[in-house]
Number of protein chains: 2
Amino acid sequence: MSILADVARIAGVSKSTASRALSGRGYVSEDTRVKVERAAAELGYVVSTAAASLVTGRTRNVGVVIPYINRWYFGEVLEGIEASLIQAGYDLTLYRLSSDADLRRRVFDYFLVRKRVDAVISVAIALSPNEVHMLQALGKPLVGIGGLIPGIPSLSIDDVETARLATEHLISLGHRRIMHVGGDQHEQMDFRVHSQRYIGFQRALTDAGITVEDDFRDAEFSIQGGHAAGLAVLGDPRTRPTAIFAGCDEIAIGIMVAARQLGIAIPHELSVIGIDGHPLAETFGLTTVVQHPGDQGARAVELLLGQLDATPEAPPSEHIVLPTTLSVRTSTAARRETPVTTASA
Amino acid sequence: MSILADVARIAGVSKSTASRALSGRGYVSEDTRVKVERAAAELGYVVSTAAASLVTGRTRNVGVVIPYINRWYFGEVLEGIEASLIQAGYDLTLYRLSSDADLRRRVFDYFLVRKRVDAVISVAIALSPNEVHMLQALGKPLVGIGGLIPGIPSLSIDDVETARLATEHLISLGHRRIMHVGGDQHEQMDFRVHSQRYIGFQRALTDAGITVEDDFRDAEFSIQGGHAAGLAVLGDPRTRPTAIFAGCDEIAIGIMVAARQLGIAIPHELSVIGIDGHPLAETFGLTTVVQHPGDQGARAVELLLGQLDATPEAPPSEHIVLPTTLSVRTSTAARRETPVTTASA
DNA sequence: GTGAAAGCGCTAACAA
DNA sequence: TTGTTAGCGCTTTCAC
């Protein structure tokens with residue numbers, strides 16, 4: 001492990017010149033720059049981040065806090081962030097925050113503060129004013145994904161509107177007996193995404209003058225979860241809905257699997273719509289409202305780098321609402337000219 | 001941001017005493033320890049890792065290189081690693097290595113070397129002797145997951161044996177027309193997992209004296225991939241296999257979906273078996289050979305910490321082969337008393 | 001355009 | 001048991 005002094009010696013210059021040549025900051029003649037670079041390459045020299053950050057206060061490392069890794073949406077976001085970060089020469093330090101409040105406090109009080117990260121991206125985690133304040137007091141730029149965090153730039157779709165759009169699509173097909181299979185309202189994600197989508201759903205129904213008695217069923221946000229809920233909800237032909245708006249594509253797919261298993265024809269007896277744009281939606285012919293999590297990750301990094309590199313006194317703190325688009329497939333291909341009721345009553 | 005000197009001043013001791021009290025290394029009286037801790041808490045002091053690592057050479061940070069994030073197996077491994085690491089007080093810096101050789105070199109030459117990580121976990125990436133040597137020369141412990149890496153401790157299942165086990169299960173059910181739908185043999189993963197599984201498959205057939213003409217079809221390692229391959233392979237009733245050994249559970253599930261779509265009854269007309277232990281296997285009634293990726297991640301961290309904390313001169317470099325277990329479900333529930341041939345010829 | 005020197009915040013000998 | 005001292009490797013004024 002060679003150090004800067006070695007490089008300087010071999011190149012026949014001082015440490016400070018070597019440092020300038022390598023970092024690109026400050027004036028160095030073309031000649032010496034070449035000499036220094038050659039020496040560095042020869043020695044396989046790599047700057048010590050520890051030493052550099054000690055003096056500059058920058059680590060070129062970004063912390064990412066995220067509640068799940070192995071769910072499609074989150075994995076995509078993470079991949080998007082990682083790719084952008086590495087390309088910009090930044091490292092990514094990963095903190096998976098479970099619902100364990102203790103762990104969360106530890107991560108914020110200890111890990112994130114240790115001057116180890118220059119900035120933080122918070123995915124689907126609603127930072128408390130306290131947490132935001134802490135990080136900001138430390139001068140650490142902050143970007144949120146998946147919901148609005150007051151005071152910092154954040155990125156998300158409009159969950160209420162997206163849910164409304166999905167539900168309206170079902171209504172426009174003639175459905176009246178529509179159900180929402182979504183996230184447990186008590187076990188909320190941080191931004192209360194579950195409620196938001198439920199609210200959008202109900203709003204669409206209300207606006208269309210539709211009343212549904214049994215309009216909600218909770219499910220885990222996974223294909224398994226959707227499948228279990230689907231079996232439960234679709235079992236009784238007399239009470240089953242003719243259309244389901246699922247809280248995410250995984251749930252929607254699980255429901256479609258359950259429907260097939262129960263011999264329920266899609267879309268003739270049941271229409272299904274999801275949210276996200278999961279690649280499986282195509283395989284299953286699932287209509288879905290698409291968002292692009294990978295792009296969201298990339299965009300968040302962009303915002304962050306803007307804060308990091310540019311003017312230190314220009315903290316843009318607006319919330320950006322990302323558009324979602326309807327991608328219609330066979331799961332909602334049937335149009336009902338007259339409202340359908342499977343109930344015999 | 002208070003620094004150690006502040007804490008020391010408030011506690012009325014010297015910096016070194018404060019350091020000892022906080023780090024737990026060296027002798028400090030109970031009394032002063034309490035005083036120092038109180039002062040630190042009062043100031044919200046957190047040690048600067050940059051400064052600490054500059055002098056100790058340790059960063060309490062582990063680098064993880066992994067080819068995918070959004071695939072079940074890899075996500076699980078990552079979650080397992082993350083949980084164990086954070087519990088041990090280590091950070092995790094994530095590098096997703098695509099097939100881009102350039103990126104790979106950059107990560108090894110630059111990122112991993114910058115003294116930013118104390119150790120490296122390599123998931124499903126076959127490190128070259130060069131890469132291993134580089135990291136070892138730097139004194140960085142190294143653990144591999146997903147295949148044997150000569151000279152370093154590594155962890156993996158026996159892909160050949162696992163594939164053989166799966167195939168033997170199908171054979172024992174009376175199947176003769178068996179096919180392997182697995183990874184592209186050209187687009188190999190680093191440890192040639194695809195070939196290994198294919199070899200195990202073929203070995204089982206050979207041992208049973210079975211010859212199959214069209215015994216392989218490649219697929220992307222995803223449900224979509226399995227679905228596409230399934231449609232292609234199962235389309236013609238005269239040539240279709242009666243059993244399929246899939247390269248992973250995602251592929252197997254995709255095949256099952258395709259089969260249902262084609263009206264092929266499982267397990268009466270087709271048996272399917274996968275590898276991994278994906279949670280969806282239960283939903284789909286898929287028989288599979290189970291491994292536990294999360295545990296593998298945890299185990300890898302254990303091995304790493306052993307090297308990191310313990311005797312510096314005890315590098316255990318053996319490869320540990322993890323057991324896999326057959327989990328039988330309905331997808332292979334049918335026993336054929338006489339070998340089945342769907343072919344009319 | 002280049003070098004000398006100071007010091008970032010911390011730990012680890014070594015003395016006391 | 002505690003304090004003093006000397007750096008860890010780098011960047012960055014400030015002279016030259």
Side-chain angles (χ1 to χ4, degrees), chain A residues 1-37 39-40 43-61 89 110 113-118 138-139 309 312, chain B residues 1-37 39-40 43-61 89 110 113-118 138-139 309 312:
Chain A
M1 276 281 67
S2 45
I3 65 177
L4 186 62
D6 300 336
V7 177
R9 189 165 27 77
I10 297 219
V13 296
S14 70
K15 285 197 301 173
S16 34
T17 301
S19 172
R20 278 189 289 255
L22 260 17
S23 71
R25 283 181 291 259
Y27 303 98
V28 181
S29 77
E30 185 56 21
D31 240 34
T32 53
R33 222 210 61 237
V34 171
K35 267 194 307 188
V36 171
E37 270 174 359
L43 293 171
Y45 169 80
V46 179
V47 46
S48 155
T49 41
S53 9
L54 184 55
V55 49
T56 60
R58 306 304 237 42
T59 62
R60 296 199 76 80
N61 187 27
Y110 188 60
V113 167
R114 278 199 288 178
K115 294 169 181 157
R116 171 157 282 173
V117 300
D118 285 343
L138 262 40
D309 300 334
Chain B
M1 274 283 67
S2 46
I3 64 177
L4 186 63
D6 300 335
V7 176
R9 189 165 28 75
I10 298 220
V13 298
S14 70
K15 283 198 303 174
S16 37
T17 301
S19 171
R20 278 189 290 253
L22 260 19
S23 70
R25 283 182 292 259
Y27 304 98
V28 181
S29 76
E30 185 56 21
D31 240 34
T32 52
R33 220 210 64 235
V34 171
K35 270 194 304 189
V36 171
E37 270 175 0
L43 293 171
Y45 168 80
V46 179
V47 48
S48 154
T49 40
S53 7
L54 185 54
V55 50
T56 61
R58 305 302 238 42
T59 61
R60 294 200 74 80
N61 186 26
Y110 188 61
V113 167
R114 277 200 288 176
K115 293 170 184 158
R116 171 158 283 174
V117 300
D118 286 343
L138 260 42
D309 299 336

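Letters A, B, ... mirror the listed sequences (proteins, then strands); counts begin at 1. What's counted below: heavy atoms across the whole structure, side chains too, no hydrogens, waters or symmetry copies.
Between the P atom of C:dT2 and the CD atom of A:E30 lies a distance of 11 Å, rounded to the nearest Å. Straight-line distance from the CG atom of A:L22 to the C1' atom of D:dG9: 13 Å, rounded to whole Å. One interatomic measurement links the two molecules: NZ of A:K35 to P of C:dG1, which rounds to 14 Å at whole-angstrom precision. Here D:dT11 presents its P atom at 12 Å from CZ of A:R60, a figure rounded to the nearest Å. Remark: P of D:dT12 and CZ of A:R58 are 11 Å apart, rounded to the nearest angstrom.
Across all strands, B:T32 comes closer than 4.0 Å only to sugar-phosphate atoms, never to a base (heavy-atom distances).
With sequence neighbours excluded, the residues satisfying side chain to side chain donor-acceptor pair (under 3.5 Å) with A:T59 are A:D118. For B:R60, the side chain to side chain donor-acceptor pair (under 3.5 Å) test picks out no residue, with sequence neighbours left out. With sequence neighbours excluded, no residue satisfies side chain to side chain donor-acceptor pair (under 3.5 Å) with B:T49. Checked against salt bridge (charged side-chain N to carboxylate O under 4.0 Å, His left out), A:R9 has the following partners two or more places apart in sequence or in another chain: A:D6.
For B:T56 and B:S53, the side-chain atoms include no donor-acceptor pair closer than 3.5 Å. Side-chain atoms of A:S16 and A:S19 form no donor-acceptor pair, as typed in the model, at a separation below 3.5 Å. For the 3.5 Å distance criterion, the side chains of A:S29 and A:T32 qualify, holding a donor opposite an acceptor.
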field: Sugar-phosphate or base contact per nucleotide [nucleotides 10-16 of chain C; S, B, -; heavy atom under 4.0 Å]
entry: BBBB---
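Remark on the helix from C:dG1-D:dC16 to C:dA16-D:dT1: inter-end axis angle 30°, axes from five-pair C1' superpositions, rounded to 10°.
Remark on DNA chain D: of its neighbouring residues B:L54 and B:R33, the 5'-side contact belongs to B:R33, judged by nearest-heavy-atom nucleotide.
Counting heavy atoms from C-beta outward, A:N61 and B:R116 have side chains that approach closer than 4.5 Å.
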